Amino acid sequence: MTESSTAKRQILVTAALPYANGHIHIGHLVEYIQTDIWVRFQKLRGHRCIYICADDTHGTAIMIRARQEGRSEEELIADMQQAHVRDFAGFDIQFDNYGSTNSPESRALCEEIWAKIRAAGLVKEKDVEQLYDPVAQTFLADRFVKGTCPYCGLTNQYGDSCDNGHTYRPTELKDPVSTLSGATPEVRSAKHLFIELEQLHDFLEEWTQSGDHLQPEIANYLKGHFLHEPLRDWDVSRPAPYFGFEIPDFPGNYWYVWYDAPIGYMGSTKQWCDRHGENFDDWWRNPKTEIHHFIGKDITYFHTLFWPGMLKVAGFNLPTKVHIHGFLTVGGEKMSKSKGTFILASTYLKHLDPSYLRYYFATKLGPRLDDLDLEPEEFVTKVNTDLVGKVVNLASRTAKFVESTGLSASYPDDGGLFAYGASLGEEIAEAYEACDYNKAMRLVIELADRANPYVESKAPWVLKKDPSKAAELQDVCTVALNLFRQIAIYLAPVLPRLAQQTGELLNDPIGPGDWYKAYTPLVGTPVNKFQHMMKRAEIGQVLAMIEDSKPADAAAPQTTEKAAKTMSEENQAENTAPEAAQAAGGVEPSPYNDGPEALEKEPLVAEHCTIDDFLKIDMRVARVIAAAHVEGADKLLQLTLSLGGNERRNVFAGIKSVYKPEDLIGQLVICCANLAPRKMRFGVSEGMVLAAGAGGQDIFILRPDSGAKPGMRVH
RNA sequence: GGGGCCGUAGCUCAACGGUUAGAGCAGCAGACUCAUAAUCUGUUGGUUCCGGGUUCGAAUCCCGGCGGCCCUACCA
């Protein structure tokens with residue numbers, strides 16, 4: 001066993017805390033598997049490394065759910081934690097401690113850090129207006145209020161946005177009703193505590209932009225989105241009732257869930273330390289300890305600004321690195337409950353081997369934060385070809401020939417195959433270290449691609465028939481099994497079960513620190529009877545899993561796909577104009593002396609479109625039945641178009657520079673009625689009013705000749 | 001509109017600025033029968049999105065287009 005030349009590192013690793021309000025699904029698993037692989041890799045290399053996680057238990061959502069289920073929050077989160085732990089274990093995700101943010105350890109740390117933040121003068125008090133339910137006696141989060149959208153009048157809408165995509169504050173909602181009690185909420189003002197993050201601006205600028213703490217695109221993102229201007233104050237308190245920790249020096253108020261969630265990393269570490277007789281400060285206040293957070297891109301903000309800020313002020317270690325990954329898509333699309341691609345961890349386990357998913361994710365994960373796609377066909381092919389066909393096959397085709405003899409006493413000449421595999425070890429290790437699992441998997445599979453031809457060329461099944469070649473047979477199998485073992489060690493972070501089985505087969509376990517066993521062949525040990533290590537995956541199992549994930553009431557209300565956003569409304573109008581002009585225009589010499597200026601401004605460059613293309617655009621006569629200025633917008637008018645009957649379209653048009661609302665009301669226009677709805681700053685625009693001109697003062701709305709009726713199609 | 005990432009074989013992806021751009025899968029033609037219809041050999045397939053530039057040399061660096069994805073938004 002050669003020892004690593006690099007010094008032993010001490011590494012604390014966390015994955016984001018799953019919320020105690022829902023079950024683990026395969027999207028979550030990207031992160032926990034990615035992190036688990038990294039931790040197992042570090043352990044295999046002989047470093048001291050602990051994997052810390054916990055349930056995120058606080059907040060209004062938990063409180064409400066507990067009330068609805070008629071039990072205490074503590075019962076609810078205990079049950080959910082049990083389910084989470086079971087799901088993770090099913091995927092061989094091995095935490096060193098799995099705690100809860102609702103623990104005494106967490107509370108103590110929240111208080112300790114809070115005192116430091118107070119002492120640093122970062123806390124200030126401000127009034128905040130919120131809706132309050134006088135019956136349920138609680139402030140209402142956006143999702144617990146329903147009412148009428150102040151923009152489009154749609155009823156029965158949530159407090160933050162309506163189904164038409166208008167966004168607003170809950171206090172703007174008309175006829176608001178609490179979903180908890182049915183009472184009419186009142187607007188109440190309450191004092192909240194804020195952390196003045198701006199005081200830490202220089203520190204955060206320095207920390208995010210230097211060193212290797214963040215992926216470069218994240219550092220750029222933070223600079224462009226937040227650090228270019230003063231950082232906003234962060235509201236960290238919530239008035240009672242709230243499920244969380246009461247703020248000691250602000251009675252009746254609780255820390256907001258995102259204040260105590262990351263502290264949960266520490267609380268969970270503390271539990272681990274107490275169980276193992278370790279010193280907490282050795283992990284969180286020791287500059288020699290590395291701290292690595294693995295998170296999804298959705299919570300970047302909290303982990304790269306608030307959290308380092310809190311740690312800095314409180315005098316703890318700063319994160320060595322925040323590793324941020326993208327989201328999971330299935331078959332190229334967002335996970336969807338109605339399509340059965342919103343797959344729970346527990347559902348997966350009913351149908352498929354967790355090793356498949358661990359390996360498949362590994363082949364898809366790189367160091368960047370691209371989304372990764374689960375493609376069922378590819379999933380099955382990869383698992384079967386790589387793992388069963390190439391890797392496991394090495395053992396299954398040779399092990400039984402040496403069951404009686406064991407491995408040769410000295411390692412035979414293999415033409416340099418094992419040495420080559422050993423020489424790749426550090427490169428594979430670097431790929432793991434950099435979270436470039438995709439590359440690591442490629443390198444490992446290449447080894448299997450070299451090993452199988454070796455077996456083929458030596459044909460042990462032929463040697464077996466000739467008793468005089470028994471020694472050669474043993475040598476060939478010794479080589480094959482050593483090449484297999486080398487691969488199994490390299491794959492151990494991804495496939496711990498395979499490593500375990502390999503250890504049992506060859507009577508030499510693969511455990512922490514054993515990476516370097518891949519550099520020295522194993523000889524002279526007995527070989528146990530070969531047992532199947534991994535079954536082939538069947539596409540039918542995957543399809544059954546997807547079917548099983550569809551909602552039981554599968555009349556399948558099609559989830560509305562988000563419209564692909566491309567260009568702004570204004571720009572779309574510009575870009576479509578030449579097409580419209582071309583469709584309508586002739587080429588005959590004109591007696592009207594029209595100049596070429598318009599064409600020069602917008603040349604005829606659009607490609608030909610087919611009649612089918614043209615027919616895709618459903619243009620209709622429409623009547624403007626309402627028109628209004630949009631508050632805060634200086635180019636847009638909001639129009640309500642009637643296509644006759646009850647058919648309406650809400651359209652934002654960039655025509656304010658030329659038209660006044662009162663000029664338009666009652667007028668007929670032409671609109672594109674099947675333009676994909678597009679979410680804008682002020683709401684969803686559901687169509688487009690056709691107009692000529694390049695914009696600015698050059699805007700001329702198209703109007704049908706008299707006699708046209710709303711709803712008529714334009715051909 | 002602004003910002004970011006990306007564009008290489010039918011698909012998934014490789015390729016420190018340096019041979020003739022490579023693998024796997026799929027396809028085609030064979031071989032083998034130890035192994036879970038596994039494996040092996042051979043083979044088809046490329047204007048590296050387009051156009052310029054820098055360089056002895058560009059898939060790679062720079063500029064400009066086009067296309068895709070993501071973020072953000074009449075606030076960068």
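Every value quoted in this text rests on a predicted model; they were computed, and no experiment measured them. Numbered from 1 within each chain, the chains take letters A, B, ... in sequence-line order.
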Checklist entry - Taking A:Tyr301 as the fixed residue, which of A:Phe306, A:Trp307, A:Trp258 is the one that meets the ring pair (Phe, Tyr, Trp, His ring centres under 6.0 Å) rule? => result A:Phe306
Checklist outcome for this item: Winner on side-chain proximity to A:Lys364, out of B:U12, B:U36, B:C32, is B:U12
Next on the checklist: In whole Å, measure the gap between the P atoms of B:G18 and B:A76 for me.
Outcome noted: 41 Å
Checklist entry - Taking atom C1' in both B:C34 and B:A29, what distance in whole Å separates the two? => result 24 Å
Checklist entry - On a whole-Å scale, what distance lies between the P atoms belonging to B:U20 and B:G24? => result 22 Å
Checklist entry - Mind checking the P distance from B:A9 to B:U47? Whole angstroms is fine. => result 9 Å
Next on the checklist: Going by purine N1 to pyrimidine N3 plus the second Watson-Crick contact, or the G-U wobble pair, all under 3.5 Å, which nucleotide sits opposite B:C13?
Outcome noted: B:G22
Item to check | Atom-to-atom span, CD1 of A:Ile218 to P of B:C70 - whole angstrom | outcome: 16 Å
Checklist entry - B:U60 pairs with which nucleotide, Watson-Crick or G-U wobble, both distances below 3.5 Å? => result none
Checklist entry - What is the distance from CG of A:Leu443 to C1' of B:G24, rounded to the nearest Å? => result 13 Å
Next on the checklist: Quick check on RNA chain B: between A:Gln531 and A:Gly389, whose nearest nucleotide comes earlier from the 5' end?
Outcome noted: A:Gln531
Checklist entry - Of the nucleotides B:A35, B:C40, B:U36, which one has an atom closest to the side chain of A:Arg536? => result B:U36
Next on the checklist: I need the NZ-C1' distance between A:Lys382 and B:C13, as an integer number of Å.
Outcome noted: 8 Å
Checklist entry - Could you go step by step and tell me if A:Glu446 and A:Tyr420 meet the side chain to side chain donor-acceptor pair (under 3.5 Å) rule? => result CA-CA 11 Å; A:Glu446 188 199 326; A:Tyr420 176 75; 3.1 Å; yes
Checklist entry - Of the nucleotides B:G24, B:C70, B:A35, which has the atom closest to the A:Ser396 side chain? => result B:A35
Next on the checklist: Please report the distance separating the P of B:G68 from the corresponding atom of B:C49, rounded so that it comes out in whole Å.
Outcome noted: 16 Å
Item to check | Nearest-angstrom distance from the residue atom OH of A:Tyr360 to P of B:G24 | outcome: 19 Å
Next on the checklist: Closest approach to the side chain of A:Arg397, judged atom by atom: which nucleotide of B:A35, B:A38, B:C40 is it?
Outcome noted: B:A35
Checklist entry - So what does A:Asn393 touch, heavy atoms closer than 4.0 Å: a base, only the sugar-phosphate, or nothing? => result base
Checklist entry - Of all the nucleotides listed (B:U36, B:C34, B:C25), which has the minimum atom distance to the side chain of A:Lys390? => result B:C25
Checklist entry - Does A:Lys400 put a side-chain nitrogen or oxygen below 4.0 Å from OP1 or OP2 of B:A35? => result yes
Item to check | Nearest-Å distance once atom P is located in both B:G65 and B:U19 | outcome: 32 Å
Next on the checklist: Could you tell me how far apart A:Asn384 (CG) and B:A26 (P) are, to the nearest whole angstrom?
Outcome noted: 11 Å
Item to check | Rounded distance in Å between the C1' positions of B:G67 and B:U48 | outcome: 16 Å
Next on the checklist: Between A:Arg442 and B:G24, is there a contact of a side-chain N or O with OP1 or OP2 at under 4.0 Å?
Outcome noted: no
Checklist entry - When the nearest nucleotide of RNA chain B is assigned to A:Val392 and to A:Glu456 on a heavy-atom basis, which residue is associated with the more 5' position? => result A:Val392
Next on the checklist: Both distances below 3.5 Å, Watson-Crick or wobble geometry, any strand: find the nucleotide opposite B:A38.
Outcome noted: none
Item to check | Presence of salt bridge, A:Lys126 and A:Asp233, under 4.0 angstrom | outcome: yes
Item to check | Distance under 6.0 Å and angle within 45° of ring axis: A:Lys382 vs A:Tyr359 | outcome: no
Checklist entry - Using purine N1 to pyrimidine N3 plus N6-O4 or O6-N4 for Watson-Crick, or N1-O2 and O6-N3 for G-U wobble, both under 3.5 Å, which nucleotide pairs with B:G46? => result none
Item to check | For B:C69, the Watson-Crick or wobble partner whose two distances fall under 3.5 Å | outcome: B:G4
Checklist entry - Can you tell me how far P of B:U39 sits from CZ of A:Arg450, to the nearest Å? => result 18 Å
Checklist entry - Which part of the nucleic acid, if any, lies within reach of A:Phe530 when heavy atoms closer than 4.0 Å are counted: base, sugar-phosphate only, or nothing? => result nothing
Checklist outcome for this item: With A:Tyr360 as partner, the option from A:Leu374, A:Val494, A:Ile33, A:Leu372 fulfilling side-chain contact (heavy atoms from CB on, under 4.5 Å) is A:Leu374
Item to check | Touch class at under 4.0 angstrom, heavy-atom based, for A:Met441 against every strand present | outcome: nothing
Checklist entry - Any idea which of B:C32, B:C25, B:C40 is nearest the A:Pro453 side chain? => result B:C40
Checklist entry - Contact class for A:Pro460 (heavy atom, under 4.0 Å): base, sugar-phosphate, or nothing? => result nothing
Checklist entry - How are the rings of A:Tyr356 and A:Phe379 set relative to one another: parallel (under 30°), tilted (30 to 60°) or perpendicular (over 60°)? => result perpendicular
Next on the checklist: Looking at A:Lys364 and A:Asp373, is there a salt bridge between them, counting it only when a charged N and a carboxylate O are closer than 4.0 Å?
Outcome noted: no
Checklist entry - Within the structure shown, what part of the strands sits under 4.0 Å from A:Val455 by heavy-atom distance: base, sugar-phosphate, or nothing? => result nothing
Checklist entry - Rounded to the Å, how far apart are A:Tyr356 OH and B:U36 C1'? => result 10 Å
Item to check | Spacing between A:Glu446 atom CD and B:C13 atom C1', to the nearest angstrom | outcome: 14 Å
Next on the checklist: If I pick the C1' atom on B:C69 and the same atom on B:A26, what distance separates them, to the nearest angstrom?
Outcome noted: 26 Å
Next on the checklist: Restricting to ring pair (Phe, Tyr, Trp, His ring centres under 6.0 Å), what partner residues turn up for A:Tyr348, sequence neighbours left out?
Outcome noted: A:Phe91
